[in-house]
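Everything on this sheet refers to the single structure shown next.
A quick note: this is a predicted structure, and the numbers were derived from the prediction, not measured.
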Amino acid sequence: MLYTAIFANTLNFKASVTTERDKKAFEELKPFIDLPANWIEQYYSEIESDIFKNFEEAIQNDTKILENNWAVAQIELYDAKTLLQKSEFLKTLKKVMSKYSDWLLTMPSISEGKNYLFSNSENIKQILSEKMQTNWNNEVEETKKLYLRKEILKVTGIK
């Protein structure tokens, strides 16, 4: 579990919060695990499969309500393009998040090394534009690197 948690919590070592300690611990655990050689790929594939089966539930289960009642959801995927190509994706997202006046979904796409951001809030978009140099195209933005939700909140000062 620790072996899996290390790569999952560092977005497969691509998040900026990844430390040398994470990498060293991961390597030191290798001799003690009994997992398939393709475990990382298998893990992400199973996670994505679960998300695709019930995208609505996945969003609801990983939405954090902030002090100002903004909702910030996170869906981590190995390849977010697969989900983005589903015609019902944006419709489902808006339906789930409609109960919040201001919301953001951050979707790290690990294989692409970037996040897709979705928001209905001009306030959130303005903060992200100022602090992360994003340029919104309607409700969608792509970052230049991978971010965990906690990194976005820290960088932007959103609480």
Step-by-step salt bridge (charged side-chain N to carboxylate O under 4.0 Å, His left out) determination, Lys24 to Glu27: CA-CA 5 Å; Lys24 183 178 178 187; Glu27 290 302 318; over 6 Å; no
What verdict does the ring pair (Phe, Tyr, Trp, His ring centres under 6.0 Å) test give for Tyr3 and Phe32, after you've listed the backbone C-alpha separation in whole Å, the side-chain angles of each residue and the deciding distance to 0.1 Å? CA-CA 9 Å; Tyr3 177 83; Phe32 303 102; over 10 Å; no
Apply side chain to side chain contact (heavy atoms under 4.5 Å, CB included) to Thr143 and Met132, showing your working. CA-CA 8 Å; Thr143 63; Met132 296 175 63; 4.1 Å; yes
Derivation of the side chain to side chain contact (heavy atoms under 4.5 Å, CB included) call for Leu2 and Ile6: CA-CA 6 Å; Leu2 183 57; Ile6 292 170; 4.2 Å; yes
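Here the closest heavy-atom approach between residue Thr63 and residue Ile59 is recorded as OG1-O, 2.6 Å. Residues Lys64 and Arg149 approach most closely at N-NH1, 3.7 Å, considering heavy atoms. Closest approach of Ile65 and Ala71 over heavy atoms only: CD1-CB, 3.8 Å. The two residues Ile152 and Tyr147 come nearest to each other via the heavy atoms CG1-CB, 3.6 Å.
Both Leu35 and Ile47 are assigned to one and the same hydrophobic cluster, defined by single-linkage of ILVMFWY side chains at heavy-atom distances under 4.5 Å. Linking Ile, Leu, Val, Met, Phe, Trp and Tyr residues whenever their side-chain heavy atoms come within less than 4.5 Å leaves Val140 and Trp136 in two separate clusters. Follow the hydrophobic side-chain contacts under 4.5 Å out from Tyr100 and you never reach Leu128; the two are in separate clusters. Taken together through direct or relayed side-chain contacts under 4.5 Å among Ile, Leu, Val, Met, Phe, Trp and Tyr, Leu104 and Ile127 form part of one hydrophobic cluster.
Within the 3.5 Å criterion, the main-chain N or O of Gln42 finds no donor-acceptor partner in the side chain of Ser45. With hydrogens and angles ignored, the 3.5 Å screen pairs no side-chain donor or acceptor of Asp62 with any backbone N or O of Ala58. Checking side-chain atoms of Glu48 against main-chain N and O of Tyr78 turns up a donor-acceptor pair under 3.5 Å. Although no hydrogens or angles enter the test, the distance criterion places no donor-acceptor pair under 3.5 Å between the side chain of Ser109 and the main chain of Ser111. Using a distance-only test at 3.5 Å, with no hydrogens or angles considered, no donor-acceptor pair links the side chain of Asp102 to the main chain of Trp70.
Separation of the Phe89 and Phe52 ring centroids does not fall under the 6.0 Å cut-off.
Ion pairing between Lys91 and Glu88 fails under the 4.0 Å rule for side-chain N and carboxylate O.
Ser129 is linked by a side chain to side chain donor-acceptor pair (under 3.5 Å) to Thr134, counting only residues two or more places apart in sequence or in another chain. For Lys131, there are no salt bridge (Lys or Arg N to Asp or Glu O under 4.0 Å) partners, not counting sequence neighbours.
Rounding to the nearest 0.5 Å gives a distance of 9.5 Å between CH2 of Trp103 and OG of Ser121. If you take CG on Asn38 and OH on Tyr43, they are separated by 15.0 Å, rounding to the nearest 0.5 Å. Rounded to the nearest 0.5 Å, atoms CG (Leu105) and CG (Asn115) are 9.5 Å apart. Between the CD atom of Glu76 and the CG atom of Leu146 there is a distance of 9.5 Å, given to the nearest 0.5 Å. Rounded to the nearest 0.5 Å, atoms CD1 (Ile33) and CE (Met1) are 14.0 Å apart. To the nearest 0.5 Å, the span separating CD1 on Ile40 from CZ on Phe7 amounts to 5.0 Å.
Leu117 is not listed as a side-chain neighbour of Met107, based on a closest heavy-atom distance of 4.5 Å or more. When side chains are defined from C-beta on, Lys145 does not count as touching Lys114, because their heavy atoms never get closer than 4.5 Å. Side-chain contact between Tyr44 and Asn12 is present, with at least one heavy-atom pair separated by less than 4.5 Å. Val96 has its side chain within reach of Gln60: a pair of non-hydrogen atoms, C-beta onward, lies under 4.5 Å apart. A heavy-atom distance below 4.5 Å is not found between the side chains of Lys125 and Asn123. Side-chain contact between Lys23 and Phe26 is absent, with no heavy atoms from C-beta onward closer than 4.5 Å. Taking the side chain as every heavy atom from C-beta outward, Thr106 and Pro108 approach each other to under 4.5 Å. A heavy-atom distance below 4.5 Å is found between the side chains of Leu90 and Leu93.
Glu122 and Gln126 share no donor-acceptor pair across their side chains, judged by distance under 3.5 Å alone. Thr4 and Trp39 share a donor-acceptor pair across their side chains, judged by distance under 3.5 Å alone.
Each of Leu83, Thr82, Leu84 was checked for a side-chain contact (heavy atoms from CB on, under 4.5 Å) with Leu77, and the lone residue meeting it is Leu83.
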Which pairs of donor and acceptor atoms, one on a side chain in residues 13-20, lie under 3.5 Å apart (sequence neighbours left out)?
from, atom 1, to, atom 2, distance (Å)
Lys14, NZ, Ile110, O, 3.2
Ser16, OG, Glu151, OE2, 2.2
Thr18, OG1, Ala15, O, 2.8
Thr19, OG1, Arg21, N, 3.3
Thr19, OG1, Asp22, N, 3.1
Thr19, OG1, Asp22, OD2, 3.2

